[in-house]
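Let me begin by presenting the structure, written as structure tokens, before commenting on it.
By convention here, the first residue in the shown sequence is residue 1.
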Amino acid sequence: MAADRRTVIENCSIATVDAQDTEYANGHVVLVGNRIESLGAGRAPDGLENVERRIDATGHLVTPGLINTHHHFYQWITRGLATDHNLFDWLVALYPTWARIDEQMVRAAAQGSLAMMARGGVTTAMDHHYVFPRGSGDLSGAIIGAARDMGVRFTLARGSMDRSEKDGGLPPDFAVETLEGALAATEETVRQHHDASFDAMTQVAVAPCSPFSVSTELMRQGAELARRLGVRLHTHGSETVEEEKFCHELFGMGPTDYFESTGWLGEDVWMAHCVHMNDSDIDAFARTGTGVAHCPSSNARLAAGIARVPDMLKAGVPVGLGVDGTASNESGELHTELRNALLINRLGAHREAALNARQALRLGTHGGARVLGRASQIGSLEPGKLADLVLWKLDTLAHASIADPVTALVFGAAAPVTASFVNGRQIVRDGRLLHADEDAIARSTREEAQRLARIAAQG
């Protein structure tokens with residue numbers, strides 16, 4: 001959108017998710033270029049110049065775009081496998097298949113993952129990609145290109161593994177990198193693709209995979225590399241009881257103490273899952289500002305447990321939501337996580353007081369922005385912030401009898417997305433992607449899933 005052109009959205013409910021949780025039962029939002037110019041109650045002011053478009057959003061709730069803080073796009077082409085496994089058995093079952101991915105497969109899988117999220121209200125996505133088989137092509141470039149074509153804001157967490165089966169790890173030997181190779185490739189990805197500007201569409205984080213697939217030296221030097229380059233750090237942490245046992249046996253300490261010993265706690269760090277955290281672990285995260293990507297559906301799918309999200313929030317830990325890879329969350333869209341975060345946490349110690357609808361929406365918007373280090377730019381609807389927002393249709397059979405729109409969005413069925421804007425550019429209209437062919441993506445993901453299955457079967 002031209003920098004001086006305006007889009008006016010009127011007659012809608014608005015949940016800003018700002019610091020005061022400001023809401024308008026009937027309000028307006030004005031976009032100019034890629035920014036939010038103004039918003040408030042009632043109709044937009046008269047006399048606005050260069051209005052390119054007016055949207056009558058009667059029956060809609062406008063929220064910040066959803067922000068996904070943990071994903072593995074490549075898993076889109078291995079959905080529906082190992083459905084009755086815990087994490088370690090699931091990894092053992094699937095690593096031999098994942099180790100045979102190539103650039104064409106990864107591009108198709110990224111398109112499928114991004115399409116499903118974008119059509120369901122995600123405006124900022126991330127991908128933690130850590131499988132780089134030898135000779136597999138430019139996987140990072142394929143992923144970043146898919147996000148650019150889809151029109152979503154994107155963070156690539158450039159992952160790595162250097163602990164293979166011969167070193168006591170889980171991945172096959174040919175699917176891991178050397179310490180030096182992983183660090184060099186990660187640095188090159190940051191230098192080539194990371195944009196540090198306010199309205200950046202692509203950013204890169206340093207992201208060794210997990211304690212049981214990465215050497216201590218890669219963790220330590222990865223943290224040093226990220227801080228030298230001025231980018232964020234991401235990894236998996238405290239996902240299962242088996243991981244905690246592994247850390248005690250191998251390092252003589254629990255996961256959080258191990259992370260702190262390698263430089264992996266801090267305001268520039270976020271970790272996926274964090275299911276098995278004791279009080280001292282939560283205190284350490286709060287003290288250092290370390291963030292958490294909460295993935296309730298995946299945690300349930302793999303029987304990992306219930307993360308202590310209410311306790312984390314009370315302590316001041318930044319918490320966002322994550323889809324996780326679609327081999328452990330086959331739906332692959334973030335609206336499900338709003339609802340499941342609320343419901344699953346109510347099964348824990350805090351019961352009905354664990355989370356409410358507005359806290360769940362905050363996890364999926366402003367919480368995710370904090371975790372990705374972008375809370376000054378996205379995650380809430382405020383003048384001057386980037387124009388990333390979603391219009392949810394709530395006047396159909398599925399939601400019309402629920403009086404409160406935020407309750408309808410979080411507790412109800414997945415709401416239709418009438419419009420989704422990223423950086424002021426509309427990417428979804430009436431539930432369909434504007435800049436991608438969903439049917440073509442479905443065909444290519446099916447074909448690549450079948451090709452990968454054939455290659456894996458041949459061993």
Review point. Is it true that Arg358 and Glu23 make a salt bridge, defined as a side-chain N closer than 4.0 Å to a carboxylate O?
Key: yes
Check your understanding: Where do Glu333 and Arg119 land on the salt bridge (charged side-chain N to carboxylate O under 4.0 Å, His left out) test, with the steps shown first?
Key -> CA-CA 9 Å; Glu333 55 85 32; Arg119 68 199 294 271; over 6 Å; no
Check your understanding: So among Arg232, Arg227, Arg228, which one has a salt bridge (Lys or Arg N to Asp or Glu O under 4.0 Å) with Asp268?
Key -> Arg227
Point to revise | Between Ser297 and Glu337: side-chain donor-acceptor atoms closer than 3.5 Å | key: yes
Exercise for review: Examine the side chains of Asp311 and His350 and answer whether a donor and an acceptor come within less than 3.5 Å of each other.
Suggested key: yes
Exercise for review: Specify whether His273 and His236 have parallel, tilted or perpendicular ring planes, treating 30° as the upper limit for parallel and 60° as the lower limit for perpendicular.
Suggested key: parallel
Exercise for review: May I ask you to decide whether Asp56 forms a salt bridge with Arg54, counting only side-chain N to carboxylate O separations under 4.0 Å?
Suggested key: no
Check your understanding: Can you check whether Trp76's main-chain N or O pairs, donor with acceptor, with Thr326's side chain at less than 3.5 Å?
Key -> yes
**Study point:** SB check Arg43 Glu10 (cutoff 4.0 Å)
**Key:** yes
Point to revise | Modelled atom types, side-chain donor and acceptor of Asp18 and Thr22, under 3.5 Å | key: yes
Review point. Under the criterion side-chain contact (heavy atoms from CB on, under 4.5 Å), which of Ile441, Leu433, Asp439 is the partner of Asp437?
Key: Asp439
Check your understanding: Which pairs count as ring pair (Phe, Tyr, Trp, His ring centres under 6.0 Å) when at least one residue sits in residues 15-62, sequence neighbours excluded?
Key -> none
Exercise for review: Kindly give the heavy-atom pair with the smallest separation between Met201 and Gly151, and that separation in Å.
Suggested key: CE-O, 3.8 Å
Point to revise | Pair Ser210-Ser213, side-chain donor/acceptor within less than 3.5 Å | key: yes
Study note, to complete from the structure: Shortest non-hydrogen pair, Asp102 vs Leu139, comes out as C-CD2, 3.7 Å
Check your understanding: Between Arg362 and Asp21, is the closest basic N to carboxylate O distance under 4.0 Å?
Key -> yes
Check your understanding: Should Arg191 and Glu187 count as an ion pair when the cut-off is N to O under 4.0 Å?
Key -> yes
**Study point:** Glu267, CD atom: more than 12 neighbouring heavy atoms under 6.0 Å
**Key:** no
**Study point:** Closest non-hydrogen atom pair, Ala15 against Leu361
**Key:** CB-CD2, 4.1 Å
Exercise for review: Verify whether the ring centers belonging to His70 and His234 lie closer than 6.0 Å.
Suggested key: yes
Review point. Between Asp388 and Gln377, do the side chains contain an N or O donor and an N or O acceptor separated by less than 3.5 Å?
Key: no
Check your understanding: Is it true that Arg107 and Glu448 have a side-chain N and a carboxylate O under 4.0 angstrom from each other?
Key -> no
Check your understanding: Is Glu49 salt-bridged to Arg6, going by a charged N under 4.0 Å from an acidic O?
Key -> no
Check your understanding: Distance-only, no hydrogens or angles: does the Arg35 side chain make a donor-acceptor pair with backbone N or O of Pro383 under 3.5 Å?
Key -> no
**Study point:** Ring-face cation of Arg100 near Trp98 (centre distance under 6.0 Å, axis angle within 45°)
**Key:** no
Review point. Hey, does the side chain of Arg301 reach the backbone of Ala327 with a donor-acceptor pair shorter than 3.5 angstrom?
Key: yes
**Study point:** Counterpart residues, side chain to side chain donor-acceptor pair (under 3.5 Å), relative to Gln75 (two or more places apart)
**Key:** none
Exercise for review: Give a yes/no verdict on a cation-pi contact between Arg158 and Phe132, requiring under 6.0 Å between NZ or CZ and the six-membered ring centre and an angle within 45° of the axis.
Suggested key: yes
Check your understanding: Okay, side chain of Arg308, backbone of Asn345: is any donor-acceptor separation there less than 3.5 Å?
Key -> no
Check your understanding: Any chance the rings of Phe73 and His128 have centres within less than 6.0 Å?
Key -> no
Exercise for review: May I ask you to check whether Asp324 and Asn329 show a side-chain donor-acceptor distance below 3.5 Å?
Suggested key: no
Review point. If you look at every heavy atom in Thr290 and Val317, which pair is closest and at what distance?
Key: O-CG1, 3.4 Å
Exercise for review: Consider only side-chain N and O atoms of Trp392 and Thr63, and report whether a donor and an acceptor are under 3.5 Å apart.
Suggested key: yes
